[in-house]
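Have a look at the structure below before the remarks.
FYI, the numbering just counts along the sequence from 1.
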Amino acid sequence: QNAVCWLKGCALCQDVGFGLTGVQSNDAVEVGQVLTYTLSASCNGECQPTGVALTNQLPASFQFISATSEQGTWIYDAGRGQVIFFLGLMAQSGSVELGMTVRPLQSGTFTNTASIHFRSSNPALGTALLDPVLVTTVLPNTNAQPALLSLQLVAPPGLQLSLSGGAGVGYEIQSSSDLMTWVGLTNVMGPTWTQT
């Protein structure tokens with residue numbers, strides 16, 4: 001239907017009455033525990049929105065696990081930490097449920113935000129924000145087994161990294177060239193992990 005409107009040159013819809021709300025499975029979790037966000041995108045205006053896309057910005061240091069959508073498709077942009085849902089044409093006076101499963105890798109207070117956009121000649125009218133944003137308190141995991149990271153020379157000349165830690169616990173492996181500035185190398189899941 002989006003393609004038909006593009007071919008016919010339909011007038012761009014302005015009054016769609018967008019709303020974007022969300023809930024999370026827990027307001028407080030421990031490091032390494034699974035957390036689920038559920039978003040609900042709705043419209044109740046005079047016309048249907050076309051070209052609808054929703055961008056969810058995951059909190060820093062959250063490991064993305066999976067996503068679900070009642071409509072359309074989605075992608076995960078690891079570089080930006082964003083889950084982008086492509087919903088296309090939404091039903092008038094309808095709603096779409098979207099879900100994301102994540103795992104926090106460090107303690108602190110984190111905010112999940114999202115915005116939804118549709119095809120409009122007026123960018124100010126073509127956007128709605130998640131309201132309210134979802135705030136999660138991540139507590140240290142007092143039961144977490146300490147991780148052991150080992151480095152071994154292997155043939156042909158190479159290195160093998162191995163990790164052993166708690167089952168189902170997420171770990172972030174970082175690297176540094178000067179022991180002052182550290183960057184994320186990869187996220188791994190216990191109890192064991194090996195990479196050559």
Would you say the side-chain atoms of Ser42 and Asn44 include a donor-acceptor pair closer than 3.5 Å?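 No pair is found: no donor N or O on one side chain lies under 3.5 Å from an acceptor on the other.
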Under a 3.5 Å threshold, yes or no: a donor from one side chain and an acceptor from the other, between Ser162 and Gln152? no
Going from [atom1] on [X] to [atom2] on [Y], what distance comes out if it is rounded to the nearest 0.5 angstrom?
{"X": "Leu161", "Y": "Ser150", "atom1": "CG", "atom2": "OG", "answer": "7.5 Å"}
{"X": "Ser69", "Y": "Phe86", "atom1": "OG", "atom2": "CZ", "answer": "11.0 Å"}
{"X": "Leu87", "Y": "Cys43", "atom1": "CG", "atom2": "SG", "answer": "10.0 Å"}

N/O donor-acceptor pair under 3.5 Å between [X] side chain and [Y] backbone:
{"X": "Asn26", "Y": "Val29", "answer": "no"}
{"X": "Asn141", "Y": "Val31", "answer": "yes"}
{"X": "Asp178", "Y": "Met180", "answer": "yes"}
{"X": "Glu172", "Y": "Val188", "answer": "no"}

Looking only at non-hydrogen atoms, find the nearest pair between [X] and [Y] and report the distance.
{"X": "Leu54", "Y": "Ala114", "result": "CD2-CB, 4.3 Å"}
{"X": "Ile65", "Y": "Arg103", "result": "CD1-NH2, 3.7 Å"}
{"X": "Gln33", "Y": "Pro104", "result": "O-CD, 3.1 Å"}
{"X": "Thr68", "Y": "Phe85", "result": "O-CE2, 3.5 Å"}
{"X": "Asn187", "Y": "Gln63", "result": "CB-NE2, 3.9 Å"}
{"X": "Thr196", "Y": "Val154", "result": "CG2-CG2, 3.9 Å"}

Going by heavy atoms in the side chains, are [X] and [Y] under 4.5 Å from each other?
{"X": "Glu97", "Y": "Gln71", "result": "no"}
{"X": "Glu70", "Y": "Leu98", "result": "no"}
{"X": "Ser175", "Y": "Val183", "result": "yes"}
{"X": "Leu58", "Y": "Val83", "result": "yes"}
{"X": "Asn56", "Y": "Met100", "result": "yes"}
{"X": "Phe62", "Y": "Phe110", "result": "yes"}
{"X": "Leu129", "Y": "Thr113", "result": "no"}
{"X": "Gln24", "Y": "Thr136", "result": "yes"}

Check this for me: Leu151, atom CG, are more than 12 non-hydrogen atoms of other residues, nucleotides or ligands nearer than 6.0 Å?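 Atom CG in Leu151 is packed in, count exceeds 12.
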[Y] reachable from [X] in the ILVMFWY side-chain graph, under 4.5 Å edges:
{"X": "Leu185", "Y": "Leu163", "result": "yes"}
{"X": "Tyr171", "Y": "Leu149", "result": "yes"}
{"X": "Val133", "Y": "Leu39", "result": "no"}

Val34 vs Thr101, side chain to side chain contact (heavy atoms under 4.5 Å, CB included): CA-CA, chis, key distance, verdict: CA-CA 7 Å; Val34 171; Thr101 304; 3.3 Å; yes
Assess whether side chain to side chain contact (heavy atoms under 4.5 Å, CB included) is satisfied between Trp74 and Ile84, documenting all intermediate values. CA-CA 5 Å; Trp74 60 269; Ile84 304 168; over 6 Å; no
Test side chain to side chain contact (heavy atoms under 4.5 Å, CB included) on Leu130 and Asn112 and set out the steps. CA-CA 9 Å; Leu130 178 63; Asn112 184 77; 4.3 Å; yes
Given the rule in the side chain to side chain contact (heavy atoms under 4.5 Å, CB included) test, do Leu139 and Ser107 qualify, once you have shown the distances and angles that lead to the verdict? CA-CA 5 Å; Leu139 307 170; Ser107 58; 5.9 Å; no
Determine the interplanar angle of the Tyr76 and Phe64 rings, folded into 0 to 90°, and report it as parallel if under 30°, tilted if 30 to 60°, perpendicular if over 60°. parallel
